[in-house]
Amino acid sequence: MNKARLIILFSLLAVLILGMAISEAAVSVQCPYTIIDDQGNTANPNVICKHITGSDGFATMADGRVLYTFGFSDVTNQLPLDQILVTAELDARIPAPLIKVKEGQEFYLTLTTLPMSMRPDLFDPHTVHWHGFPNAATVFDGEPMASIAINPNASLTYYYQVPGPGTYMYHCHVEATEHMQMGMLGTLYVTPLQDGQLLNGFTQFAYNDEDGSTGYTKDYPIQITSIDPLFHDANLNVQPLPFAAMEDTYPLINGRGYPDTINPSTTLGTSAENNFKPSQNLPSLIEAQWGDMLLLRISSLATVRFYTLISPNLPMKVVGKDAMLLRGTAGHDLYYETNSITLGGGQSADVLIDTSVIGPIAAPQRFFLYTSNLNELSNDQEDFGGMMTEIVISP
Amino acid sequence: MREEIMMIKKINIMEALVILALVFLFGVQQADAKIYGISGPTFNLRAMKGNIIADDGKSIFMWGFANASTARVRFQYPGPTLIVNQGQTVTVNLTNTLPVPVSIVFPGQNNVNAVGGVPGMLTREAPPGGSVSYTFAASEPGTYIYYSGTRPELQVEMGLLGALIVRPAAITTPAGFAGCAYNTVDSCYHREYLQLLTDIDHTIHDLVLLNKTANVDNTIAYPVYWFINGRAGLDTVAKNFAPYLPYQPYSAMARMHPGEKILVRMIGGVRDLHPHHMHGNQHYVIARDGRILKGPAGEDLSEGLFTTTVAPGQTTDALFTWTGENIGWDIYGTTSHTCNPGPDNFDPVTKEYCPNHGKPLPVGLPDQNDLTFGIFYSGSPYIGSPGALPPGEGGLNPTAGLFFMWHSHNEKELTTNNIFPGGMMTWASVEYPSVILPAE
Ligand SMILES: [Cu+2]
């Protein structure tokens, strides 16, 4: 071996080692201020910095079936950063962590992609697509054909100036049909600048309505999605992915089928498969005091079909759609009352439920919110379940 | 994806690369300011058979309407976009070369008078080898659909449908605009684009090809192909009349400059609803089924949405504009340029939002080794300034526009017969102001 070849060899080795060093040090969070809590608040109240991971994992359906998933997990303010690659393994959450930001904030959202624990043959990157972001920049839009996606063991920080209020969504857009069916879906909502004022007897509002007409006492994210178990099993078992045959048989609200939807636990979805990590953290039981005004932030990220949600005995006043106040340019309200909301993937509606319409009550009253596509009231083969939750009003 | 899928995918990517090479050679759509179609008021259409090539390479047997007024009558999917002016008396003469009766219905047009042919259930029909004529007054401007009224559950699936555009007569297009959707100034636009969404169950087409139409069972129809303007997947961005798609002439790509008002005419064909999502910005639905959304006193009833339900047989007109206002950094990047704000804080020439001017990107981007790059990513976040990309990455965005996917958000429909990506997806691009987008 001559000198020149040795030099080349050593150079290659150096490049290799350097390359490895780069890839191992690539988990990083960009935030211009010190993060002070797990919500991502910082020393500057106008700046919020969150950190999420994208990985695989497992969720447990209401009939007990454990399904392989992809999902996001919230690791905001978790240190040391290198350890996140270990601690967030198999920590896919269904739905994705709820993101709540304030209009006008600067929002730094770091996404770290983990390798797929169960699919080491895959090297899929992930992205965050803030669905509905107005006047988006492609670099932070997450649509991978027109943008960039972050590879395993590395981080990308998205930057947003938080736009107008309303209910948005976020999801991974990589191999969208696959990664979304696998579960990388969540609610993202923006609260208005008007919050904190006293208008119409309220201090929190869905929109900057200037008259308090979208004021509410409590708000709940209600995201409808659905799962095709055969697709998830095929993915786990390294089988061809059945895109054409995709048919969802687990219709869900916030990642759970009824009756899991009304289970108040925030730690459902543990299984031996995911090392007993709670994968389904969001209950959908809606609890109110009589007289409360409820704001339901309803959205759909179902990947196959439209669903209709009905609240048969408590009318819903639709005040916003797709993160836009229902108001004409001349300032007149276009709100309307309804008992049903039909949503396709990527659509949202903000609805108010006035719990006082039922008249004074002496004992707690239970109401249902469910899909009127009645065949979807099931957990796969198990009847009476699926896309349904309850609204309980106490005196 | 797993190994086999990877194999399929690789083949698909190979094909895609060939297609994309063609796209590159012939350029993306010429981006006329107006939708391409044939002008009336008299149209001669021929019902005929043909084939389309989906983006998975499959040839699908079709029936369709062709423009019979040309020297070389050629099948196309969808049928020709018919363009007339409000107030015109429109005549559509249909001759039928198919082995079954065919007709045309014009939803939204009142008092259609059918002459000739033979009686049918919804309207008079052209028997095999025969003809029929339809006449109506185009009384209201807007976006409409036309399709076969004879066994529509089969014939619309087979491809016998198209778009009809009625241009308003009682308005003079203001200077600087390309046209108006309705007789109101707030419906005027700089560019207009068609988004005609259809789906296909190819097994039905195979049966028809084999003369086994009697065996078609619509109760089990199961589409696995999805199209915008008759094209699927990446084919949608190829220009109008791309030579490699001889029977699918209509591009679905929407190119624009910052600040321009874009009219998007959405039409649903065939059987399913599709939630059509436009990346880039919210859009405003200003009309449905050719009727502007205004109250009796002219009050604005338009709806701001990020995803519009496109229902079969229904049309929706929406206005889309991209300004970059919310970005919070300089969309033209660090190259030297000025921003001279007008009263709305936008530079009237560059359309830049001046409060963002000169602000650097607030975050650093990861090392290129840690990124996967899209074919429409220019290598930089900035409009008009391509950045360095690793060899073989990007490359289909030489003008460094911002590309935004417009697609069905029932994501299953982003596939073509089991292959992702494909189906009901296209892109819009926001181009540097000096990039010339040809006007008609
Ligand atoms: Cu993903």
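As the structure is a computational prediction, the values presented were derived from the model and not from experiment. In what follows, every chain begins at residue 1, and chains take the letters A, B, ... in the order their sequences are listed.
Using a 4.5 Å cut-off between heavy atoms, A:H179 does not touch chain B at all. Contact of B:E393 with chain A is not made at all, since no heavy-atom distance falls under 4.5 Å. Proximity to chain B is limited to the side chain of A:M180, based on heavy atoms less than 4.5 angstrom apart. When heavy atoms are compared at a cutoff of 4.5 Å, A:L301 approaches chain B solely by way of its side chain, counted from C-beta outward. Residue A:A176 touches chain B through both its backbone and its side chain, counting heavy-atom pairs closer than 4.5 Å. Residue A:T127 does not touch chain B at all, counting heavy-atom pairs closer than 4.5 Å. In this structure, chain A has a heavy atom under 4.5 Å from the backbone of B:T308, while its side chain stays farther away. If you measure heavy-atom distances from A:Y160 to chain B, you find no contacts under 4.5 Å at all. For a residue to count as touching a neighbouring chain, one of its non-hydrogen atoms must lie under 4.5 Å from one of that chain's; by this rule A:Q161 touches chain B with backbone and side chain alike. In this structure, the portion of A:P242 lying under 4.5 Å from any heavy atom of chain B is its backbone and not its side chain. A:M182 does not touch chain B: none of its heavy atoms, backbone or side chain, sits under 4.5 Å away. Of the two parts of B:L361, only the side chain, counted from C-beta on, holds a non-hydrogen atom closer than 4.5 Å to a non-hydrogen atom of chain A. Using a 4.5 Å cut-off between heavy atoms, B:H407 contacts chain A through its side chain alone, with no backbone atom that close. With a 4.5 angstrom heavy-atom cutoff, B:Y225 does not touch chain A via any of its atoms. Heavy atoms of B:V224 lying under 4.5 Å from chain A belong exclusively to its side chain. Residue contact with chain A, scored on non-hydrogen atoms closer than 4.5 Å, involves the side chain of B:Y284 exclusively. In this structure, chain B has heavy atoms under 4.5 Å from both the backbone and the side chain of A:P163.
Between A:H173 and B:H279 there is a side-chain heavy-atom pair separated by less than 4.5 Å. Using a 4.5 Å cut-off on side-chain heavy atoms (C-beta onward), A:F140 and B:V363 make contact. Here the side chains of A:F231 and B:K412 are not in contact, with every heavy-atom distance at 4.5 Å or above. Counting heavy atoms from C-beta on, the side chains of A:F306 and B:N410 come closer than 4.5 Å. Residues A:M246 and B:T415 are not in side-chain contact: their nearest non-hydrogen atoms beyond the backbone lie 4.5 Å or more apart. Contact annotation: the side chain of B:L371 approaches that of A:I150 to within less than 4.5 Å [non-hydrogen atoms, C-beta and beyond].
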**Request:** Start with the C-alpha gap between B:H409 and A:S300, add the side-chain angles, then the distance that decides, and say whether side-chain hydrogen bond (donor to acceptor under 3.5 Å, both in side chains) holds.
**Result:** CA-CA 10 Å; B:H409 216 283; A:S300 170; over 6 Å; no

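Side-chain atoms of B:E411 do not come within 3.5 Å of backbone N or O of A:Q181 as any donor-acceptor pair. B:Q282 places a side-chain N or O within 3.5 Å of a backbone atom of A:D322 that can act as its donor or acceptor partner. Under the 3.5 Å distance criterion, the side-chain polar atoms of B:N418 are matched with a main-chain donor or acceptor of A:F243. No donor-acceptor pair closer than 3.5 Å links the side chain of A:N135 to the backbone N or O of B:N281.
Most heavy-atom pairs under 4.5 Å with chain A: of the set B:D272, B:T321, B:L365, B:L305, this distinction falls to B:L305. In terms of non-hydrogen atom pairs under 4.5 Å with chain A, the most contact-rich of B:G324, B:G401, B:S429, B:S408 is B:G324. When A:G344, A:P125, A:G132 are compared by the number of non-hydrogen pairs under 4.5 Å with chain B, A:G132 comes out ahead. The residue among B:F404, B:Y377, B:W427 with the most heavy atom pairs within less than 4.5 Å of chain A is B:Y377. The choice from B:P258, B:S378, B:G328 that makes the most heavy-atom pairs within less than 4.5 Å of chain A is B:G328.
Contacts of residues 327-335 of chain A with chain B at a heavy-atom distance below 4.5 Å involve A:G328, A:T329, A:H332, A:L334, listed in sequence order.
A side-chain hydrogen bond (donor to acceptor under 3.5 Å, both in side chains) with B:T307 is found for exactly one of A:H131, A:Q347, A:K321, namely A:H131.
Going from atom NE2 of B:H277 over to atom NE2 of A:H129 covers 3.5 Å, rounded to the nearest 0.5 Å. With rounding to the nearest 0.5 Å, the separation of CD in A:E175 from CG in B:L414 is 11.5 Å. Taking CZ from B:F376 and OG from A:S147, the interatomic distance works out to 13.0 Å, rounded to the nearest 0.5 Å.
Within a 6.0 Å radius of NZ in B:K261, more than 12 heavy atoms belonging to other residues, nucleotides or ligands are found.
Nearest heavy-atom pair, A:S155 versus B:P366, reported as atom, atom and distance to 0.1 Å: O-CG, 3.3 Å. Of all non-hydrogen atoms in B:W329 and A:A137, the two that sit nearest each other are CZ2-CB, 3.4 Å. Between B:L402 and A:T138 the shortest heavy-atom distance is CD2-OG1, 3.3 Å.
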Which side-chain N or O atoms in residues 379-388 of chain B pair as donor and acceptor under 3.5 Å with protein atoms at least two apart or in another chain?
unit_1: B:S380; atom_1: OG; unit_2: B:Y382; atom_2: N; d: 3.0
unit_1: B:S380; atom_1: OG; unit_2: B:Y382; atom_2: O; d: 3.4
unit_1: B:S380; atom_1: OG; unit_2: B:S385; atom_2: O; d: 2.5

